[in-house]
> 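First the structure, which I've put down as structure tokens, then a few questions once you've had a look.
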There are 2 protein chains.
Amino acid sequence: MGSICINVHVEFDMSTEAYAAGMALRYALLGLLVLEPGTGYEITQRFDRSLSIAWHAGHSQIYPELSRLQDAGLVEVLSEGPRNSRTWGATPAGREALRRWLTETEPNRKVRDEAALRLFLAAVLDPAERRAVLERDLAYVEAQRHELLALMEQLDDQPGHSHFRPLVDLGLRVNPVIGEWLRHEIGSTRRRQVPRPPSVS
Amino acid sequence: MGSICINVHVEFDMSTEAYAAGMALRYALLGLLVLEPGTGYEITQRFDRSLSIAWHAGHSQIYPELSRLQDAGLVEVLSEGPRNSRTWGATPAGREALRRWLTETEPNRKVRDEAALRLFLAAVLDPAERRAVLERDLAYVEAQRHELLALMEQLDDQPGHSHFRPLVDLGLRVNPVIGEWLRHEIGSTRRRQVPRPPSVS
DNA sequence: AACTCCATGTAAATCGTTACATGATTAA
DNA sequence: TTAATCATGTAACGATTTACATGGAGTT
């Protein structure tokens, strides 16, 4: 005698080709909640702070996506607070879905960076205008560099948030290089030397 | 006796708030045609080659946008070739519109970079899986670096395309830095030293 | 004759931004 | 009590991707 057991488990299937592209926001959200639970509002802010060099999303995109992730069983409400706020966290299924996305799917390498596009197109400008455009960029990069350095010092004081460290580190390494390139371009437009920036490493 | 002359010149107005955001594709296209005229098909390829670190667009986005730019008087058909192809170029009005966009509008600094997002989220993986993910990234960056170096040598032979030089230069400076960071991360996962890459500067 | 690349287009679905809306809580 | 910040949502529009669709020209 024997028995046949068929387990049909139908839910939000994240491996079908129906969800082949544009899932980055979903996993950005999931990842942020794995790193640390938070409200939709807090997640919105983290996109502008921690994640600003990689991705961005407004609250009008985040709240509906949190609902979809909840329907899929990937996130759950951990607690409810004042002002109708809900603190979300990733479920074990959510952690597993994130892990599989990171390890088993090919990254989409297409980058969208308007500032870099402008840098490229600045080649069409005459030297004086090009210099003005590059100086605006340089000012922004320098400001960002100081923000990152300040953030890094804060993190050194509070070692609990070590998972932000790799991004801060990456930001510090990449942005000064762009800054240095800008300085070089501006320098050659001026036809004179500008002082070298202080080393970051 | 006097006369009142009212000049009403209504056309595609690129300074109104109706076109405040998402104009980057329009100017990317315009800029590519200012740098060098080409067919829609050629422009599609340039997005994947020259401009891949800054912006991307498929042909289904490019052909309609070229039509809109033509309606606005910013691009024109320079010549028609085999296979119903048309070579487009920027008009004087197109050059001026590009110049004004570059110098008079604020850049949108929001970056969309899935590979960087994955790098950030890799913090949630265990060391073995994280290392595998980082090594995949490293392989890609190394391959890209060799492509850029090869392209640079080609450009040295043909000095007519000097406007590509800044991007190649930027790519060469930024990507090896990310490569170096990846090497460092992989190295500390392995707990042993990896050989330093050859210097690019 | 089959295959590849060149060359152009449209349609449907999804993703993302901006604007519209509301209300609670805290600090000045 | 006024303003700022916290907190959540929806609707409309625009941007982007994917799939569908067609045909010319050159190479094997």
Side-chain angles (χ1 to χ4, degrees), chain A residues 12 14 16-29 37-49 51-52 54-70 75 77-88 106 108-114 117, chain B residues 12 14 16-29 37-49 51-52 54-70 75 77-88 106 108-114 117:
Chain A
F12 199 70
M14 305 189 71
T16 59
E17 61 289 2
Y19 298 97
M23 299 189 295
L25 171 65
R26 172 164 301 149
Y27 292 103
L29 232 39
T39 67
Y41 186 83
E42 285 166 346
I43 296 291
T44 308
Q45 291 181 310
R46 283 195 235 168
F47 269 103
D48 287 331
R49 292 171 190 166
L51 216 43
S52 62
W55 209 265
H56 176 265
H59 76 276
S60 63
Q61 226 184 332
I62 289 167
Y63 290 118
E65 190 63 48
L66 282 173
S67 294
R68 282 191 286 270
L69 284 164
Q70 185 183 36
V75 303
V77 175
L78 298 180
S79 65
E80 303 194 2
R83 278 169 280 197
N84 306 320
S85 69
R86 281 159 292 168
T87 298
W88 298 88
E106 278 300 307
N108 175 2
R109 306 267 178 197
K110 288 163 195 157
V111 174
R112 189 155 312 221
D113 185 344
E114 193 188 299
L117 170 65
Chain B
F12 199 69
M14 306 189 71
T16 58
E17 62 290 3
Y19 298 99
M23 299 189 295
L25 171 66
R26 171 163 302 149
Y27 291 104
L29 232 40
T39 67
Y41 185 83
E42 284 168 347
I43 296 292
T44 309
Q45 291 180 310
R46 284 197 234 166
F47 269 104
D48 288 332
R49 292 171 190 166
L51 217 44
S52 63
W55 208 265
H56 178 266
H59 76 275
S60 63
Q61 228 184 330
I62 289 168
Y63 290 119
E65 191 63 47
L66 282 173
S67 295
R68 281 190 288 269
L69 284 164
Q70 185 183 34
V75 302
V77 175
L78 299 180
S79 65
E80 303 195 4
R83 278 169 280 197
N84 305 319
S85 67
R86 281 159 293 168
T87 297
W88 297 89
E106 277 300 307
N108 176 1
R109 306 267 178 196
K110 286 164 197 157
V111 174
R112 189 156 313 211
D113 184 344
E114 193 188 300
L117 171 64

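Proteins come first, then strands; the chains are lettered A, B, ... in the order of their sequence lines, and each starts at number 1.
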> Got a donor-acceptor pair under 3.5 Å from the side chain of His56(A) to the base of dG16(C)?
no

> CG of Asn108(B) versus P of dT16(D): gap in Å, rounded?
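For the pair Asn108(B) CG and dT16(D) P, the rounded distance is 11 Å.
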
> What is the separation between atom CE on Met23(B) and atom C1' on dC13(D), rounded to the nearest whole Å?
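That distance rounds to 16 Å.
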
> Examine dT16(D): is either OP1 or OP2 under 4.0 Å from a nitrogen or oxygen in the side chain of Arg112(A)? Give yes or no.
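The answer is yes; a side-chain N or O of Arg112(A) sits under 4.0 Å from OP1 or OP2.
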
> Expressed in angstrom and rounded to an integer, what is the separation of Glu114(A) atom CD from dT16(D) atom C1'?
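Those two atoms, CD and C1', are 16 Å apart.
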
> Quick check on DNA chain C: between His59(A) and Leu25(A), whose nearest nucleotide comes earlier from the 5' end?
Leu25(A)

> Quick check: closest heavy atoms across Ala57(B) and Ile62(B), and the distance to 0.1 Å?
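Shortest heavy-atom separation between Ala57(B) and Ile62(B) comes out as O-CD1, 3.7 Å.
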
> Side-chain N or O of Tyr41(B) versus OP1/OP2 of dC6(C): is the shortest distance under 4.0 Å?
yes

> How many Å lie between CD on Glu80(B) and C1' on dC6(C), as a whole number?
16 Å

> Arg26(B) side chain N/O closer than 4.0 Å to the phosphate oxygens (OP1, OP2) of dG14(D)?
no

> Hey, which sits more toward the 5' end of DNA chain C by its nearest nucleotide, Thr39(B) or Trp55(A)?
Thr39(B)

> Looking at dT8(C), I'd like to know if its phosphate oxygens (OP1 or OP2) sit under 4.0 Å from a side-chain N or O belonging to Tyr63(B).
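Tyr63(B) to dT8(C) OP1/OP2: side-chain N or O found under 4.0 Å.
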
> Nearest heavy atom decides the nucleotide; on that basis, is Glu42(A) or Asn84(B) closer to the 5' end of DNA chain D?
Glu42(A)

> Just so I know, are the side chains of Leu29(A) and Phe47(A) near enough to count as touching, which here means a heavy-atom distance under 4.5 Å?
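Side chain of Leu29(A) against side chain of Phe47(A), heavy atoms only: contact under 4.5 Å found.
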
> Compare side-chain N and O positions of Arg86(A) against OP1 and OP2 of dG9(D) and report whether any pair is under 4.0 Å apart.
yes

> Under a 3.5 Å distance rule, please check whether Gln45(B) uses its side chain to pair with a backbone N or O of Glu42(B) as donor and acceptor.
no

> Are the side chains of Glu80(A) and Thr87(A) in touch, meaning some heavy atoms are under 4.5 Å apart?
no

> I'd like to know if Glu114(A) pairs up with Arg109(B) as an ion pair, taking the criterion as any Lys NZ or Arg NE/NH1/NH2 lying under 4.0 Å from an Asp or Glu carboxylate oxygen.
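Looking at Glu114(A) and Arg109(B), the cut-off is not met.
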
> Going by modelled atom types, is there a donor-acceptor pair between the base of dT18(D) and the side chain of Ser60(B) at under 3.5 Å?
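Answer yes: a donor N or O sits under 3.5 Å from an acceptor.
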
> dT26(C) phosphate, OP1 or OP2: any side-chain N/O from Arg83(A) under 4.0 angstrom?
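False: Arg83(A) side-chain N/O out of range (4.0 Å or more) of dT26(C) OP1/OP2.
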
> Would you mind reading off the distance between Arg68(A) atom CZ and dT10(D) atom C1', rounded to a whole angstrom?
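It works out to 13 Å between those atoms.
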
> OP1 or OP2 of dC6(C) sitting under 4.0 Å from any side-chain N/O of Gln45(B)?
yes

> Report the distance from atom NZ of Lys110(A) to atom P of dG16(C), rounded to the nearest whole Å.
14 Å

> Rounded off to whole Å, could you give me the CG-to-P distance for the Leu66(B) and dA15(D) pair?
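Going from CG in Leu66(B) over to P in dA15(D) covers 15 Å.
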
> For the pair made of CZ in Arg109(B) and C1' in dT17(C), what is the distance, rounded to whole Å?
19 Å

> Would you say Leu78(B) and Trp88(B) make side-chain contact, with heavy atoms under 4.5 Å?
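Side-chain contact under 4.5 Å: no.
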
> Verify the contact: side-chain N or O of Gln61(B) to OP1 or OP2 of dT17(D), cut-off strictly under 4.0 Å; return yes or no.
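Answer is yes, contact under 4.0 Å.
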
